[in-house]
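Scroll down for the structure; my scribbles are underneath it.
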Amino acid sequence: MRIVVTVKYVPDISTDRGFEDCRVRRTPEEGTLNELDENAVEAALQLVEAAGEGEVVAVTVAPPEGDPALRKAFQLGVERGIRVSDDVLAGADYFGTATALAAAVRKLESEGPVDLVVTGMAALDGLGSVVPTLLAAELGRPALTLAKKVSVSDGVLSVTREHDDVTEELTAPLPAVLSVTDTANQPRLPNFKRIMAARAKQVETWTASDIGLDAPVARTRTLSAGRRPERPEVELVTDKGEGGKALAAYLIKNDLV
Amino acid sequence: MTNRTVLVLLDPATEIRTSVLELLTIARGLGTVEAVALEAPGLDVLAQLEAYGVQTVHQAEFSDAAGHVVTGDERHLPPVVAAGLAAALRRTDADMVLLPSSFAAKEAAALTARELGAGLIVDAAGVSEGDDGRIVGSKRVFAGSWDTACEVTTDVAVLTVRANAVVPAPAGAPVNTQTEPLPVEVPNLGMTLASREVKTRSGDRPPLDEAAIVVAGGRGTDGDFAPVTELADALGAAVGASRDAVFEGWWDTYIGQTGVTIAPRVYIGAGISGAPHHRGGMQASQRIVAVNSDPEAPILEICDFAVIGELADVLPQAAEEIRRHKG
Ligand SMILES: Cc1cc2nc3c(=O)[nH]c(=O)nc-3n(C[C@H](O)[C@H](O)[C@H](O)COP(=O)(O)OP(=O)(O)OC[C@H]3O[C@@H](n4cnc5c(N)ncnc54)[C@H](O)[C@@H]3O)c2cc1C
Ligand SMILES: Nc1ncnc2c1ncn2[C@@H]1O[C@H](COP(=O)(O)O)[C@@H](O)[C@H]1O
């Protein structure tokens with residue numbers, strides 16, 4: 001089984017995230033592999049392990065600063081890491097990203113079949129949750145998204161998917177695109193052996209022309225990005241028997257009842 | 001303002017959700033409002049559409065490539081919804097499509113925009129018209145710490161709008177809503193929907209993603225949600241939880257980055273520490289209130305009001321006061 005997993009480098013959600021010139025500020029100190037893509041990597045590794053043979057290839061669309069996402073994927077046991085980087089991709093929107101990922105998958109397919117593409121449920125910077133479905137449409141493959149349970153048998157992918165207030169069971173013959181939620185699995189930790197093995201690995205870089213990609217045209221433009229004013233100082237009440245009354249009074253005073 | 005036509009997705013069409021009334025209110029501010037339904041709208045739904053000024057409902061009638069009628073659950077799958085919206089847009093020559101910000105609707109929105117070559121904004125907290133007449137969506141990002149404005153540069157705009165973006169308001173005068181059948185061919189899905197189950201929305205409490213007031217419980221409840229639900233019911237609020245509380249089996253739906261994203265008028269978190277993952281789903285709330293026994297809990301950094309104390313004491317007392325106030 002040959003699986004491509006898509007990974008993104010995002011600002012760590014526990015740091016003070018922000019914008020610079022209407023673009024998300026990405027610094028090496030604050031960046032990390034999108035936590036939800038660890039679930040994607042885990043799902044891919046487990047499926048290859050269950051199949052008994054195969055390869056997991058990680059792909060990211062990012063400038064060179066995005067390499068730590070691939071390095072982390074190496075440490076988790078991913079064999080190859082590819083970064084699609086090109087000036088024409090700077091400022092790409094969801095469609096540009098999905099098109100670039102699809103072109104990379106097609107290029108990998110020219111080397112040998114890709115049975116499955118696995119993605120995270122959302123990139124924690126933009127929280128779009130739309131790239132997986134767009135990538136699937138681009139590849140002409142079914143999208144089984146937001147899976148919390150995954151299995152493959154006899155070349156058929158089955159998932160239980162939970163979203164909003166709906167639970168669905170879906171099946172599709174491979175090849176397909178799968179996105180997994182944070183409850184689908186428990187990502188493994190890098191161990192010493194894998195960390196050492198990861199050191200020897202090189203990130204491969206592909207340009208737009210390497211993968212036959214035309215410059216995407218963004219369909220949206222960020223006009224402004226500004227930090228919101230700090231919330232006013234918190235009004236603190238220590239409960240000495242009247243805390244509930246104080247809470248009720250606050251809600252009533254602010255017309256919230 | 002212009003002669004813009006705005007399509008609003010009505011899914012399900014058997015009941016009207018507050019999120020849809022909000023979308024209709026936004027749409028009316030931007031132009032002529034038409035709705036797209038995937039099934040026959042119920043009678044009281046139609047009455048609401050009339051009150052909210054919806055001129056036309058395009059009721060999709062799905063068939064497969066061989067011409068067989070499709071009426072199953074697959075009508076709600078994103079590629080099918082997108083086919084319906086794209087067909088409606090082509091027929092009406094509309095300029096804009098509005099959907100709620102659920103996971104399924106975001107996927108449908110993305111596929112619709114892809115099909116139409118339209119620009120997409122997900123999770124908008126507001127929609128307006130820019131100086132040059134282009135559609136601008138405002139978004140609150142990074143757990144509510146930044147405001148951004150994003151312009152759609154294509155002629156057609158597709159937006160998903162977060163709940164509580166506006167207060168729903170009916171039109172000045174009701175209209176006579178026309179229902180028109182809309183033939184739609186279901187695309188080849190390449191997958192099979194083996195089952196679909198919709199959680200029944202518990203009758204008395206408003207749904208979490210749409211409620212104006214939310215009371216949420218965390219690990220600090222130690223498994224007893226009675227004080228949380230008591231306060232919620234006194235306020236007519238929805239009930240939510242932290243992911244830890246859901247993993248413990250104490251409640252069924254959690255708020256947060258990977259759970260439900262909410263932006264109510266007031267969020268009350270009891271026994272919740274305010275981890276970054278949780279904040280990501282509630283920090284856009286207009287007011288944030290906490291009840292926590294720890295004066296150092298991180299949630300206090302983002303609160304407007306907090307009571308330091310035992311939630312089992314504080315919440316029932318607050319509920320009692322509120323019931324008294326309401327008479
Ligand atoms: C990939 C990933 C995604 C995640 N996504 C989400 C998400 O979407 N949503 C989410 O919520 N979490 C999410 N989490 C989990 C998150 O990181 C936290 O672990 C979780 O939110 C903590 O839940 P809590 O606040 O209930 O528990 P705790 O952090 O244990 O906090 C309990 C709080 O209760 C207080 N308390 C204790 N006893 C009392 C009492 N008697 N009265 C009053 N207060 C009391 C304590 O002081 C403490 O502040 C995610 C984690 C991961 C790894
Ligand atoms: N630039 C990118 N490079 C690689 N994968 C991406 C990129 N953007 C999004 N993805 C993948 O798509 C998933 C959903 O992203 P999004 O739709 O942006 O929330 C992520 O979890 C990633 O697996």
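Protein chains get the first letters and strands the later ones, always in sequence-line order, with residue 1 at the start of each.
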Which heavy atom in A:Gly128 sits nearest to a heavy atom in B:Lys106, and how many Å separate them? O-CD, 3.3 Å
Looking only at the side chains, is there a donor atom on one of A:Glu35 and B:His277 sitting less than 3.5 Å from an acceptor on the other? yes
Residues of residues 278-285 of chain B contacting chain A, heavy-atom criterion under 4.5 Å, by residue number: B:Gln283, B:Ser285
Greatest number of heavy atom pairs closer than 4.5 Å to chain A - which of B:Val122, B:Thr258, B:Val266: B:Thr258
Would you name the heavy atoms of A:Pro232 and B:Asp304 that are closest together and state the gap between them? CD-OD1, 4.5 Å
For chain A, which candidate among B:Ala290, B:Ala275, B:Ala110 shows the most heavy-atom pairs at distances under 4.5 Å? B:Ala110
At a heavy-atom distance under 4.5 Å, which candidate from B:Ser293, B:Ser195, B:Ala212, B:Pro276 has the highest pair count against chain A? B:Ser195
Which of the residues B:Pro295, B:Pro78, B:Gly119, B:Gly309 is involved in the greatest number of heavy-atom pairs with chain A at under 4.5 angstrom? B:Gly119
Donor-acceptor list for residues 145-152 of chain B side chains, cut-off 3.5 Å, not counting sequence neighbours:
{"unit_1": "B:Ser145", "atom_1": "OG", "unit_2": "B:Phe142", "atom_2": "O", "d": "2.7"}
{"unit_1": "B:Trp146", "atom_1": "NE1", "unit_2": "A:Arg17", "atom_2": "O", "d": "3.0"}
{"unit_1": "B:Asp147", "atom_1": "OD1", "unit_2": "B:Arg140", "atom_2": "NE", "d": "3.0"}
{"unit_1": "B:Thr148", "atom_1": "OG1", "unit_2": "B:Lys139", "atom_2": "O", "d": "3.4"}
{"unit_1": "B:Glu151", "atom_1": "OE1", "unit_2": "A:Arg221", "atom_2": "NE", "d": "3.2"}
{"unit_1": "B:Glu151", "atom_1": "OE1", "unit_2": "A:Arg221", "atom_2": "NH2", "d": "2.9"}

Taking only residues two or more places apart in sequence, or in another chain, which ones meet A:Asp93 in a side-chain hydrogen bond (donor to acceptor under 3.5 Å, both in side chains)? none
Name the region of B:Val198, side chain, backbone, both or neither, that has any atom closer than 4.5 Å to a heavy atom of chain A. both
Bottom line for B:Ala118: the part with an atom under 4.5 Å from chain A's heavy atoms is backbone
Distance alone, cut at 3.5 Å: any donor-acceptor contact between the side chains of A:Tyr94 and B:Arg114? no
Does this structure show an ion pair linking A:Asp182 with B:Arg243, if we count only N-O contacts that are shorter than 4.0 Å? yes
For residues 318-327 of chain B against chain A, heavy atoms under 4.5 Å, the residues are B:Ala318, B:Glu321, B:Ile322, B:His325, B:Lys326
Between B:Gln317 and A:Gly241 the two heavy atoms that sit nearest each other are NE2-O, 2.8 Å
Under a 3.5 Å cutoff, is there a donor and acceptor pairing between the side chains of A:Thr145 and B:Glu107? yes
Value for CG (A:Leu170) from CZ (B:Arg196), rounded to nearest 0.5 Å, stands at 10.0 Å
